[in-house]
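A quick write-up on the structure given underneath.
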Protein chains: 2
Amino acid sequence: MSPSDNDLVTIALMPSGRRGQVPRGTNLLEAARRLGVELESICAGRQTCGKCQVVVETGHFPKHGLTSAADHLTPMDGREAKYLLDHQLAAGRRLACACEATGDLLLLVPEESQARKQIIAKAATDRAIDVQPAVRQVYVEVAPATLDSHVGDWERLQAALAEQHGLRDLTIDLSALAALQPALAQGRHAVTVAVWHDRAVLRVQPGYSEGAYGLAADIGSTTIVVHLCDLRTGAVLATEASMNPQVRFGEDLMSRVSYVMMHPDGTEKMHRAVITTLNDLARKAAQAAGVKTDDVLDAVLVGNPVMHHLLLGLSPVELGGAPFALALNSALDLKAAELGLRLNPAARAHVLPCIAGHVGADNVAVQLAEAPHQQDDLMLIVDVGTNGEIVLGNRDWLMTCACSAGPAFEGAGVVSGMRATRGAIEEVWINSRTHEPTYRVIGGGPPRGLCGSGLISLLAELFITGVADKGGNLDLGVSPRVRAGEHGPEYVVAWASETAHGRDIVISKVDIDNLMRAKAAIYAGFNVLAQSVGLELSQVERLLIGGSFGKYINVEKAVQIGLLPDMPWDHFQFLGNTSAMGAYLALLSRDARVAVRAAAEKMTYLELSADNTFYDAFTSALFLPHTDLDRFPSVAALVGAGRAPQTEIAP
Amino acid sequence: MSPSDNDLVTIALMPSGRRGQVPRGTNLLEAARRLGVELESICAGRQTCGKCQVVVETGHFPKHGLTSAADHLTPMDGREAKYLLDHQLAAGRRLACACEATGDLLLLVPEESQARKQIIAKAATDRAIDVQPAVRQVYVEVAPATLDSHVGDWERLQAALAEQHGLRDLTIDLSALAALQPALAQGRHAVTVAVWHDRAVLRVQPGYSEGAYGLAADIGSTTIVVHLCDLRTGAVLATEASMNPQVRFGEDLMSRVSYVMMHPDGTEKMHRAVITTLNDLARKAAQAAGVKTDDVLDAVLVGNPVMHHLLLGLSPVELGGAPFALALNSALDLKAAELGLRLNPAARAHVLPCIAGHVGADNVAVQLAEAPHQQDDLMLIVDVGTNGEIVLGNRDWLMTCACSAGPAFEGAGVVSGMRATRGAIEEVWINSRTHEPTYRVIGGGPPRGLCGSGLISLLAELFITGVADKGGNLDLGVSPRVRAGEHGPEYVVAWASETAHGRDIVISKVDIDNLMRAKAAIYAGFNVLAQSVGLELSQVERLLIGGSFGKYINVEKAVQIGLLPDMPWDHFQFLGNTSAMGAYLALLSRDARVAVRAAAEKMTYLELSADNTFYDAFTSALFLPHTDLDRFPSVAALVGAGRAPQTEIAP
């Protein structure tokens with residue numbers, strides 16, 4: 001053994017299994033870094049944040065070729081001991097920044113000490129994402145002012161950030177600057193600083209402080225959803241949703257564009273409406289999470305092009321006609337306050353990029369969540385909303401298009417429709433003999449209306465049991481539940497006596513027509529997209545379904561009405577709200593923001609309005625399930641059998 | 001002659017005298033550039049802006065070794081001819097961008113075609129500054145949108161800016177983005193874009209458009225001055241001034257700091273007060289210049305540290321005691337709207353840097369205007385205001401200090417005081433026998449009060465004629481004009497019958513005490529600054545006087561009261577408002593913004609409040625002209641003669 005070997009110790013880190021030698025006396029935080037394990041540290045080794053905890057394993061570990069013991073570390077000093085005591089940590093835990101290796105060590109790095117925590121995107125593919133948000137916090141100790149030096153507090157903070165965290169060329173927001181002197185006084189020259197993209201200081205707080213939050217918002221044509229997230233852990237602390245208030249200016253995208261064409265102040269009105277709602281949702285989410293909106297420092301916003309333009313206060317008029325020119329298609333970084341968002345005054349907003357006239361950032365967000373450009377299988381992804389967006393392709397090519405489905409699947413534009421929240425009927429079964437329905441209500445209890453999945457299920461059951469024909473016409477003689485209503489024939493799903501509001505819950509012929517137009521638009525979109533690249537829908541290997549109802553949809557029923565193509569059930573997967581998921585990923589990952597740009601650039605857009613084949617495909621799909629029954633063999637078999645199979649449930 | 005020589009032509013450009021050869025057929029705009037003469041061009045050679053006009057000289061020019069003729073250029077096309085006709089330009093003018101050299105040419109470049117116009121800083125040293133403002137306009141033609149390409153308008157504008165002007169990696173403000181689509185439509189794909197520091201698009205206008213303005217603002221403790229400037233030509237279009245409304249919270253800096261110490265909302269109140277005044281002045285200046293405030297795209301702001309902090313909404317409390325820590329001392333770039341300034345929504349604001357606790361950006365602005373760090377002479381520069389700032393040094397070293405003079409020299413805190421505007425008595429003569437005064441009023445007409453220079457002149461005359469003694473006490477028996485007033489003894493300068501407002505204009509013992517404290521503070525500052533580097537004031541080779549009264553001050557009188565040191569008259573020079581001049585230079589020159597940083601870094605600051613010698617020097621200076629008459633030999637000679645010389649003017 002050479003003398004120099006005497007000066008090296010072996011360290012193995014679990015669970016990564018990384019192992020190597022470092023000079024004896026190396027600080028553990030530094031040792032882990034050299035071996036490629038990044039421990040979390042907000043205070044940069046000042047024994048203040050307690051984020052770099054490790055567990056020392058004791059014993060002989062032949063696999064790692066070492067014997068590890070607690071005394072292979074320098075002993076605890078008072079500061080570390082006090083931290084461990086104050087925070088009642090289990091024996092064996094040490095702060096990596098506070099001790100040096102004096103012998104071989106096997107260390108366990110608890111999940112919370114790993115710098116890049118992984119969050120699992122709750123999508124079909126369960127992708128793991130490293131948490132590295134655009135806004136992060138650092139703890140820093142600043143040299144005090146002296147009479148001799150005339151360097152300002154901000155300049156001394158900059159010097160400290162450069163020295164202690166390697167952060168250089170930073171700017172500072174005015175609100176953070178105003179907080180700087182009091183924070184330095186209160187924190188005795190130590191402050192916690194929130195930094196955006198390692199470029200700008202957004203907030204300064206006295207001493208060591210936690211709590212930096214972000215907002216991921218999906219602005220759908222009909223529904224707006226926000227997730228409030230902890231930017232350090234990636235945890236979703238609260239989720240809030242509400243109706244897009246722009247609905248009162250027009251139900252679908254084109255009617256909102258028309259509204260702006262006819263009302264010069266339409267852009268400003270709809271811009272303000274969506275901002276007001278986002279502020280309401282952010283406030284509610286913050287309340288629910290026990291967080292101040294002032295501590296929300298970043299926001300990622302996503303929406304289809306019309307929503308995107310109105311969010312930014314840009315006129316959507318050009319999106320109303322060829323060549324459907326976007327004002328911008330790239331991602332945009334701005335201050336949240338510039339949009340009118342009431343978060344921290346220095347909070348930033350990142351608006352995800354669009355692709356083309358009717359395919360928006362929401363679609364791009366789907367790419368981020370599902371990464372079809374990294375998959376071999378031929379995938380068809382559909383985000384079912386008022387604006388249905390479809391992607392077809394794999395790692396070699398990606399095509400996309402958008403079709404205006406109308407808001408029926410979001411429960412809007414339907415007499416008894418509602419969002420998929422408590423009290424919504426989400427599934428319906430109809431007895432083929434009695435034509436009496438049974439239903440399941442979200443949250444149990446008496447029903448208040450029908451959400452998208454309930455409507456699909458209901459329409460399929462009406463068709464399969466013969467209450468409705470392939471044109472969607474209701475058979476008035478079949479049951480007392482089918483009656484002549486105000487808006488033509490209607491079927492009563494729940495009598496007033498059993499509902500929460502004491503009114504009948506019905507589906508009318510008008511509702512059915514709306515649903516059939518919506519499903520026909522989406523199916524036609526599938527069709528034209530596949531045709532455009534010379535493929536058949538049957539060649540699709542995976543079909544991923546997103547949208548705000550994605551979690552609840554019954555595939556069998558969706559195929560029966562002809563919304564989804566007839567393919568083996570194991571080809572289908574549910575994604576939930578993929579747009580919101582994309583916004584969430586971009587909020588927590590700077591890499592994701594880069595990836596989304598790459599995905600957007602890879603995508604080829606097919607403009608349906610410039611394509612006559614779309615109208616033909618749409619017309620053919622305006623039946624249950626379709627003009628061409630050959631496309632739906634499983635449904636043809638059912639209907640051909642004279643009567644449909646069904647779940648027999650006693651009324 | 002080789003064949004290749006045949007392909008070259010000789011071009012000489014006047015008045016620069018640059019001369020060289022370029023390939024035959026070279027575009028004149030390009031040819032001038034290659035020979036080192038930058039012609040102005042907003043449209044980048046599109047024959048739209050007409051800024052690159054040249055005059056073709058005709059004849060044989062032996063000195064240049066060429067024969068020049070109008071037909072040594074390619075003939076006019078319809079577009080150029082139309083431009084020249086539409087704008088009724090003299091014969092011989094051509095648009096350089098529209099023609100190519102086919103033979104030797106002598107070209108005259110009119111001043112307005114030179115890209116970097118020079119403005120002359122109207123200071124003692126008459127420095128010439130290149131006009132290259134942070135915000136400039138460019139004309140650009142953007143490719144139209146097509147159905148096939150899904151690139152947004154902003155992305156196509158970026159491509160055009162890169163190709164036509166070499167501008168890359170630009171961001172765009174939301175207000176400019178909102179204007180983009182309508183501007184492209186109205187301008188038929190051509191727009192004029194205002195760009196900040198070649199980094200951000202602030203404004204987009206349809207077609208070719210002129211009109212980008214900037215605001216230079218000097219925020220003095222007592223007076224606020226703004227200049228509205230044309231950013232292309234450097235011309236000052238309007239100047240407005242008013243009292244700093246913060247005066248109602250405290251006359252001098254320390255009383256405003258005290259106000260904040262006692263009132264938690266003091267910072268916010270004073271911040272809002274100054275912003276409101278700046279908005280008023282900007283609006284008035286724009287009106288006077290016939291310009292919209294929406295076309296004001298840049299602002300440079302300057303003030304001493306307390307004014308600087310309050311402008312930014314930062315508490316000045318730390319500036320009230322040792323170690324006098326500044327919140328920041330470097331220059332700050334932000335959006336004008338963030339400060340509450342109502343200019344163009346995307347307008348930027350540049351706040352000049354501070355040096356130390358009581359020496360501010362205004363002092364730095366003086367450096368910019370006077371450049372003592374480039375001079376050999378030992379210079380003493382004083383900016384006389386409520387906060388007197390003094391610089392001593394030359395190209396080798398620079399010392400600075402600040403002393404609180406109070407607002408007396410700005411006409412505030414004095415019963416009959418007023419700003420140096422129409423109606424102010426700016427000079428007074430007193431007959432040594434009758435003790436009757438004569439005076440000169442700014443703008444003629446009946447007087448309304450006394451401005452700073454009038455007060456200095458009056459106090460000197462009172463002393464020299466024996467109406468006041470060296471302690472500033474008025475001799476009640478000497479004339480009916482000396483009487484017991486409400487605030488002690490007072491001298492009547494103008495009877496009610498001769499004034500504009502029908503009230504007597506007087507100077508009281510209290511006023512005299514204020515003036516003596518003010519002059520003592522400044523003189524003590526000179527003294528201590530010189531002492532600190534082991535120099536005598538008599539070694540100073542040039543004494544430059546700035547401040548809002550600088551243009552009018554009578555040096556003889558200022559020496560007689562002991563405000564300025566007794567030195568040969570040719571050593572004195574007047575600068576006018578140097579702070580406003582510095583702001584103006586920084587508005588029009590990016591180089592000046594860099595230079596000001598260098599000047600600030602070079603400066604050594606002397607904190608007077610930490611120096612006991614200041615208090616001694618101040619006390620010694622609380623006499624007319626000073627305790628030590630040896631320092632003022634010219635005044636001693638006058639007083640020693642028993643009676644003062646004077647301008648004999650019949651009463």
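In the text below, chain A, chain B and the rest are named by the order of the sequence lines, each starting its count at 1.
- Nearest approach of B:A325 to A:D153, heavy atoms of both residues: CB-OD2, 4.0 Å.
- Most heavy-atom pairs under 4.5 Å with chain B, from the set A:A178, A:A327, A:P144, A:S175: that is A:A327.
- With values rounded to the nearest 0.5 angstrom, A:D173 atom CG is found 9.0 Å from B:L334 atom CG.
- Taking the side chain as every heavy atom from C-beta outward, A:K335 and B:E338 approach each other to under 4.5 Å.
- Taking CG of A:L332 as the start and CG of B:L177 as the end, the distance is 6.5 Å to the nearest 0.5 Å.
- The contact between B:V151 and chain A is made by backbone and side chain atoms together, counting heavy-atom distances below 4.5 Å.
- When side chains are defined from C-beta on, A:E155 counts as touching B:L328, because their heavy atoms get closer than 4.5 Å.
- Note that CG of A:L174 and CG of B:L314 are 6.0 Å apart. Values are rounded to the nearest 0.5 Å.
- In this structure, B:D169 places its CG atom where only 12 or fewer heavy-atom neighbours from other residues, nucleotides or ligands lie under 6.0 Å away.
- Interface remark: B:L312 contributes backbone and side-chain atoms alike to the contact with chain A (heavy atom separation under 4.5 Å).
- Proximity to chain A involves both the backbone and the side chain of B:S330, based on heavy atoms less than 4.5 angstrom apart.
- From B:L326, atom CG reaches atom CD of A:Q181 across 8.0 Å, with rounding to the nearest 0.5 Å.
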